[in-house]
Amino acid sequence: MSQLQIPLDQKIKAVYLFIVLHTMQIGVGIAGYPRLVFMEAGRDSWISIIVAAIVLHLTIACIVFILNTHKDTDLHGILTSWFGSFIGKLITLVFIVYFFIMFLSVMLNYIEFVQVFIFPQMSSWFISAALLTLVLYAVLGGIRVAVGASIVFFFGSIWMLGLLTEPIALLDYDGYFPMFEADMRAILEGAKITSFTILGFELLWFLYPYIHDKSKVHRYSQLAMAFTIAMITVITMVSIGFYAQGQLESKIWPLLSMMKIISFPMFERFDILAVALWMIIILPNLILLAWMLSISSKRVFGWKQKYFLYLFVLIAFICQYHFDNRHYVNMFTDYVGQAGMYLGFLFPFLLLPFAIYKRVKGKKKANAKN
Amino acid sequence: MRKTNCLGIILSFFILITSSSCIEPNIIEELGIVTAYGFDQNPDTQEIDGTVVLYQFNPDITDASQIIHSSGATFDTIRANANKQSGYQIVNGQLQTLIFGPTISEEGIFPYLDTIERNAAVSDMLYVAVADQPTRDLMSASNYEEAPNIGIYLHRLIETAVKSEVIVSSTFHEFMRSYFRVGLDPVVPILTVEDNKVEVNAIGMMQNDVLVGTLSMDEIFYARLLRDRFKEGRVELTMNLDDFDEYITQYVNDPRSEDDLHVVIDQLGSRASINVTDTEALNFEVDIKLNGRVIELSQRINLDEPGPLKKMESEIERQIEENLIEVVGRSQELGSDIFGFGVQYNNATRGQSLTTDDWHDLFPNINVNYNIDVEIKRFGIVQ
């Protein structure tokens, strides 16, 4: 039960992890993140990011270590073989709920972008129907389509980072000083906020069995994390220099607001296009989350993956219909962040002792045989 | 696999068909696009009088612009009320200039800016300006060159001045940034009507969002010198001719004034830094490095020799220092720190949270020392 038999034609190369994990981490959160971290750590936000980055890299190392203990199985398989089927199913179920709320939070946040920036009259159900259709289509194609979509969308959106040169030209370097004013508490609060933004790497727990060359998993996951950290550092530092303190604190989405100043002769307002293009930033999130949700449900309950996919899409559609205002969007985002602290960062370290124990035991066995 | 493809195609067609009816269309010929707003406080009522400059994109109309006057308590009500007088739907998406009349700029303009920041449809790059007369009069000036309407003319006017480094840029974003930054006050261009044509004739020094004083076009140079960097600026200085007596190759009778020597420097590059030397005594030191070329001299002086060139440079340094002392002194009297001394003070006093009000109390008491270093790189194609 714990070993997954995955045919070779469904496996992906480890190098794709770089893009998949990175796109999972970068989503709607990044648009509002600079303000949130600034409100906690102020000009010293970069220290918070460094703190969060260290924790993140350690966490990834820990996850990969645990996964490497068993070849070819995911989190569910590992838990089942260590603690029995009941606990395995229970914890996987917790992850399913967590990923589902994350899925909803991404979708609701994006709907809000569209309504605030482009089409105030566009109904929420319509946007969610459009997104969910694409999600359905991609996930039904299997893991390779889901991963392929995130690669295409990654290259379709990464160039937007280059547009930051325009705000960079307007930076006010006085905004960065005086440095080192934030106290330890503020730095840690900022790091906590940062950790919410960089969630999404937990997908590795479930993607692992699908990786073809397992020896490279660690390298590419760490690279993906480093890339994400570099990206949010740049975005945060540009926001801090671009806006004065009170200004940054009042912008809900500093990143999108910064795009407001970009203008081309034939395209007056770039932020409109940016919000539209944001769809291809969040689609990989939604696709990979939906894939993970359906595949894990299949592992827990044993029905066909397809049925679970339809079910989740339907529930998501109904949920967005009910939670359609800023209050709920915030609430969901907070829940995901809180849960992510434990499930994303704490959980791997809880499993670590068991993994070490298993490895030591495994070695002893091997020695005994010899 | 084929089955899923089919499903996808059917669903995408469904979405294409439904999407065309989901969003309210904005047909450009039916829109009245606002390019500029002018605001005045009405002394009789509690309301604001707005002047709205509209523009229509319609090839059939020859005179595609109009000006509508409306009033209301809020910015958006003014827009809505203006719509009562127009068959076009009035939208703010192309707003380029916001002008406040004297009645508002003396009371504070910040309350009117909220909706600009809140509304995602409005660009952050519009210019904020202040008029020295009611905006209603200002915007009815009928000479606006070849621009389609006065709103676009105003935008071009300010933009040209900013690009040629004559005034300090005050886009909405920059205005808000200086407003929110502790220890820096915003500046705005001041518009006036001369011969039925609008011109920029000064910049206004603000204390927070209240206009407290103005700087003439000559004085703007000194504000900009400390606040910004010049890349290709220009300055005219008047010197005492006696100082250069020995160097003048051939004296020409100057009808402008007999004792003055006029020097114009252009291609001026500058780099200024404000440093705090003593936070207790509020002592500041300003280092300015300037370089440029002499483009006009009212008397022929041979600048090719080190003597007159050194003399010229040191005279320019002295002149600039004198003028700086005067301009900074005036802004201290008015309590408007448009140079950013407060920003540096705030940076130097770690751990002490300075507020804008604190700084406005301290600013009049600061002492500034200037170290100016001028380098004349070239002096044209004559000696």
Side-chain angles (χ1 to χ4, degrees), chain A residues 43 113-123 125-127 129-134 136-142 145 166-167 170 172 174-181 183 241-253 256-263 268-272 275 306, chain B residues 1 3-12 14-16 18-19 21-26 93-94 96 114 117-126 169 171-184 186 227-228 274 340 342-354 356:
Chain A
R43 286 171 285 259
F113 283 3
V114 174
Q115 286 175 340
V116 168
F117 273 87
I118 325 180
F119 301 121
Q121 287 107 336
M122 198 181 220
S123 41
W125 69 263
F126 172 71
I127 307 172
L131 289 172
L132 290 174
T133 316
L134 287 168
L136 206 59
Y137 182 52
V139 178
L140 284 177
V145 174
E166 207 136 332
L170 290 170
D172 180 356
D174 288 328
Y176 298 120
F177 298 100
M179 279 184 182
F180 309 113
E181 268 208 320
D183 54 13
F242 186 68
Y243 290 116
Q245 184 172 355
Q247 226 179 345
L248 182 53
E249 281 170 4
S250 69
K251 305 267 182 206
I252 296 179
W253 300 298
L256 291 179
S257 294
M258 274 198 293
M259 303 259 177
K260 269 173 89 170
I261 66 154
I262 299 166
S263 152
E268 184 80 21
R269 294 288 304 285
F270 187 80
D271 51 322
I272 305 282
V275 171
K306 222 160 60 173
Chain B
M1 208 57 187
K3 218 172 158 190
T4 49
N5 274 339
C6 247
L7 180 74
I9 289 167
I10 291 168
L11 279 168
S12 14
F14 170 74
I15 284 191
L16 270 179
T18 45
S19 61
S21 60
C22 259
I23 306 140
E24 193 204 14
N26 282 327
Q94 263 287 335
Q96 290 174 331
D114 177 71
E117 204 180 12
R118 194 173 294 276
N119 188 348
V122 180
S123 166
D124 277 355
M125 297 308 273
L126 57 90
S169 175
T171 59
F172 176 72
H173 167 72
E174 285 159 318
F175 182 90
M176 294 302 263
R177 180 156 79 179
S178 348
Y179 176 82
F180 277 114
R181 181 138 293 162
V182 175
L184 182 66
R227 198 183 159 109
D228 227 328
I274 299 173
V343 174
Q344 302 306 327
Y345 178 78
N346 193 15
N347 289 356
T349 53
R350 165 188 308 279
Q352 166 191 345
S353 59
L354 185 78
T356 312

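Each chain gets a letter, A, B and so on, in the order the sequences are listed, and its residues count up from 1.
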Note: A:Tyr176 and A:Arg43 closest approach over all heavy atoms is C-CD, 3.7 Å
| query | Going by atom types alone, do B:Thr356 and B:Arg181 pair a side-chain donor with an acceptor below 3.5 Å? | reply | no
Using the six-membered ring wherever Trp is involved, compare the ring planes of B:His173 and A:Phe242 and label them parallel, tilted or perpendicular (cut-offs 30° and 60°). parallel
Ranking A:Asp172, A:Val116, A:Ile252 by heavy-atom pairs under 4.5 Å to chain B gives rank one to A:Asp172
Whatever's closer than 4.5 Å to a heavy atom in chain B on A:Ser263 counts as neither
Sequence neighbours excluded, the answer for salt bridge (Lys or Arg N to Asp or Glu O under 4.0 Å) partners of A:Glu249 is none
A:Glu166 meets the side-chain hydrogen bond (donor to acceptor under 3.5 Å, both in side chains) criterion, sequence neighbours left out, with none
Okay, B:Met176 and chain A: the region with an atom under 4.5 Å from a heavy atom over there is both
Highest number of heavy-atom pairs under 4.5 Å with chain B among A:Asp183, A:Leu248, A:Leu170 belongs to A:Leu170
Answer key: most heavy-atom pairs under 4.5 Å with chain A among B:Thr349, B:Asn119, B:Asp124, B:Val343 is B:Asp124
If one checks every heavy atom of B:Val122 against chain A at 4.5 Å, the contacting part turns out to be backbone
